[in-house]
Amino acid sequence: MNPVIKGLVVYLFILVIFRFMGKKNLSETTTFDLVLLLIVSETTSNALTGNDYSLITCFLLVATMTGTDYILGWLKTRNNRIDKIIDGAPLILVDEGKLLLPRMSKANVDFGDIMEAARMTQGLETLDQIKYAVLEKDGSISIIPDRSVV
């Protein structure tokens, strides 16, 4: 198979896999996540190059993957739908101090994650002090305090 097509297919496959794995802030990356990423990179490297270790194949693959990334980034800035498909959208997890458990479960976020963000960013200690908690596209949790309680 042509290295360019291989690179494109692998890039899109990894994009889909990581998109469905959920949002995770880079600062929340665990040792297991790092090991998984290293294994994925080694596996895809072998799948992409096969027995062809030439510099031309390497250059083609790097150009294909970075070009694909550039084109997707460009498309995201021009089309909100594509942006939502690739990066997702912010998700409200707490609404007027009430946990939205189905959304939390879907996003793999628990009560402790929300309260940690509330303590670290706003100095809040209880759920009733939170008006909204939003899981952002980058995996971080934004807290909007309830000013009537604080």
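Quick note: residue numbers are just sequence positions, from 1. If you're wondering where the values come from, they're calculated on a predicted model, not measured in any experiment.
- The structure places CG of Asp146 at 12.0 Å from CD of Gln122, a figure rounded to the nearest 0.5 Å.
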key: Evaluation steps, side-chain contact (heavy atoms from CB on, under 4.5 Å), between Leu124 and Ile130   = CA-CA 8 Å; Leu124 305 178; Ile130 301 173; 4.0 Å; yes
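- A salt bridge (Lys or Arg N to Asp or Glu O under 4.0 Å) check over residues 76-85, counting only residues at least two apart or in different chains, returns the pairs Lys76-Asp87, Asp83-Lys137.
- Within 6.0 Å of atom CD in Glu96, more than 12 heavy atoms from other residues, nucleotides or ligands are found, so the atom counts as buried in its surroundings.
- To the nearest 0.5 angstrom, Leu15 atom CG is 10.5 Å from Ile85 atom CD1.
- Note: the hydrophobic cluster containing Leu8 also contains Ile71 (ILVMFWY, side chain heavy atoms under 4.5 Å, direct or indirect links).
- Contact between Ala107 and Leu91 at its shortest, heavy atoms only, is CB-CD2, 3.9 Å.
- Contact between Ser140 and Asp138 at its shortest, heavy atoms only, is OG-OD1, 2.6 Å.
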request  = I would like to know whether Met104 and Leu99 meet side-chain contact (heavy atoms from CB on, under 4.5 Å); could you show each step before the answer?
outcome  = CA-CA 8 Å; Met104 290 172 57; Leu99 295 174; 3.8 Å; yes
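- The distance from atom CH2 of Trp74 to atom CG of Asp69, rounded to the nearest 0.5 Å, is 14.5 Å.
- Leu100 and Val134 end up in the same hydrophobic cluster when Ile, Leu, Val, Met, Phe, Trp and Tyr side chains are linked at under 4.5 Å.
- Side-chain atoms of Pro90 and Glu136, non-hydrogen and from C-beta on, do get closer than 4.5 Å to each other.
- Distance OG1/Thr77 to CG/Leu75: 7.5 Å, rounded to 0.5 Å.
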task = Might you work through the side-chain contact (heavy atoms from CB on, under 4.5 Å) test for Leu72 and Tyr11, ending with a clear yes or no?
result = CA-CA 11 Å; Leu72 287 176; Tyr11 180 93; 3.5 Å; yes
key: Trace of the side-chain contact (heavy atoms from CB on, under 4.5 Å) decision for Leu93 with Val109   = CA-CA 9 Å; Leu93 303 173; Val109 174; 3.9 Å; yes
With a cut-off of 3.5 Å and sequence neighbours excluded, list every side-chain donor-acceptor pair involving residues 110-117.
from: Asp110; atom 1: OD1; to: Gly112; atom 2: N; distance (Å): 3.1
from: Asp110; atom 1: OD1; to: Asp113; atom 2: N; distance (Å): 2.9
from: Asp113; atom 1: OD2; to: Asp110; atom 2: N; distance (Å): 3.1

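- Between the side chain of Thr64 and the backbone N or O of Leu60, at least one donor-acceptor pair lies under 3.5 Å.
- Separation of atoms OG1 (Thr121) and CD1 (Ile143) is listed at 5.5 Å; rounding is to 0.5 Å.
- Leu127 and Met120 sit in two unconnected hydrophobic clusters of ILVMFWY residues. Membership requires side-chain heavy atoms under 4.5 Å apart, directly or through other members.
- Looking only at distances, a side-chain donor or acceptor of Arg103 sits under 3.5 Å from a matching main-chain atom of Ile92.
- Under the side chain to side chain donor-acceptor pair (under 3.5 Å) criterion, Asp95 pairs with no residue, sequence neighbours left out.
- Atoms CZ and NZ, from Phe13 and Lys6 in turn, are 15.5 Å apart once rounded to the nearest 0.5 Å.
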